[in-house]
Amino acid sequence: MRYQLLSKDEFLHEMKRKNTMVIDLRDPDSYARWHLPGAMNRSYDRISEWSLELDRGKRILLYCSHGNESILAARYLGSRGFQVYSLIGGVGLLFTQ
């Protein structure tokens with residue numbers, strides 16, 4: 001399965017759906033300062049480890065600081081059969097109009 005890029009509004013809409021898992025790929029300090037409700041903090045560098053624990057029945061929403069790591073993670077997970085979405089431009093977009 002492939003991944004899909006989502007705008008801010010699309011991403012926030014998808015978060016409200018059932019069977020959705022949100023993963024924050026930023027560093028632990030950034031995550032501790034602020035993160036989306038219910039988001040888990042995972043490191044892209046260890047994706048081969050934590051991806052083994054993901055539920056294939058859930059949609060996975062990814063975000064990071066600027067959108068780069070979440071796209072890489074989406075490609076990785078999408079190539080392994082996950083239904084995965086990445087926030088275009090990163091978490092900073094969530095604070096813009």
Side-chain angles (χ1 to χ4, degrees):
M1 169 162 260
R2 297 186 175 228
Y3 66 94
Q4 185 174 353
L5 300 176
L6 299 178
S7 69
K8 171 182 77 170
D9 292 336
E10 291 169 327
F11 192 89
L12 294 173
H13 176 74
E14 284 296 319
M15 281 186 62
K16 296 175 186 175
R17 296 180 64 181
K18 292 183 181 184
N19 292 323
T20 300
M21 177 181 295
V22 181
I23 299 176
D24 182 325
L25 295 166
R26 298 174 304 145
D27 64 85
D29 289 336
S30 296
Y31 177 83
R33 280 192 299 276
W34 177 89
H35 59 272
L36 289 169
M40 300 183 308
N41 187 221
R42 298 290 185 263
S43 169
Y44 172 73
D45 294 337
R46 301 185 68 168
I47 193 169
S48 62
E49 296 170 24
W50 57 259
S51 65
L52 298 174
E53 301 170 5
L54 296 177
D55 183 345
R56 290 186 184 277
K58 292 189 176 189
R59 288 185 319 282
I60 300 168
L61 278 64
L62 303 169
Y63 69 93
C64 63
S65 294
H66 302 289
N68 300 326
E69 283 190 345
S70 64
I71 289 174
L72 294 174
R75 286 180 185 158
Y76 180 89
L77 296 173
S79 72
R80 282 152 180 81
F82 291 96
Q83 185 177 358
V84 62
Y85 304 87
S86 175
L87 175 63
I88 297 170
V91 74
L93 278 184
L94 296 175
F95 302 105
T96 62
Q97 292 287 334

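These figures come from a predicted structure and were not determined experimentally. Heavy-atom basis, side chains included; hydrogens, waters and symmetry copies ignored.
- Met15 contributes atom CE, which lies 10.5 Å from atom CG of Leu87 (distance to the nearest 0.5 angstrom).
- Residues Gly67 and Ser86 share a closest heavy-atom pair of O-OG, 4.5 Å.
- Partners of Ser51 according to the side chain to side chain contact (heavy atoms under 4.5 Å, CB included) rule, which considers only residues two or more places apart in sequence or in another chain, are Ile47, Leu54, Tyr76, Leu77.
- At distances below 3.5 Å, at least one donor-acceptor pair connects side-chain atoms of Glu10 with backbone N or O atoms of Ser7.
- Residue pairs that meet the side chain to side chain donor-acceptor pair (under 3.5 Å) test with at least one member in residues 37-47, sequence neighbours left out, are Arg46-Glu49.
- Counting all heavy atoms, side chain and backbone alike, Asn19 lies closest to Gly57 at CB-O, 4.1 Å.
- A donor atom on one side chain and an acceptor atom on the other are not found under 3.5 Å apart for Tyr85 and Arg59.
- At least one donor-acceptor pair under 3.5 Å links the side chain of His35 to the backbone N or O of Tyr31.
- Rounding to the nearest 0.5 angstrom, the gap separating the CD atom in Gln83 from the CZ atom in Arg56 is 12.5 Å.
- Side-chain contact between Lys58 and Thr20: absent, with no pair of heavy atoms (C-beta onward) separated by less than 4.5 Å.
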Using distance only, find each side-chain donor-acceptor pair of residues 21-28 under 3.5 Å and give its atom names and separation, not counting sequence neighbours.
residue : atom : partner : partner atom : Å
Asp24   : OD1  : Arg26   : N            : 2.8
Asp24   : OD1  : Arg26   : NE           : 3.1
Asp24   : OD2  : Arg26   : NE           : 3.1
Asp24   : OD2  : Arg26   : NH2          : 2.7
Asp24   : OD2  : Tyr63   : OH           : 2.8
Arg26   : NH2  : Trp34   : O            : 2.4
Asp27   : OD1  : Asp29   : N            : 3.0
Asp27   : OD1  : Ser30   : N            : 2.9
Asp27   : OD1  : Ser30   : OG           : 3.4
Asp27   : OD2  : Ser30   : OG           : 2.9

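- Hydrophobic clustering (ILVMFWY, side-chain heavy atoms < 4.5 Å, transitive): Phe82 and Ile71 are in one cluster.
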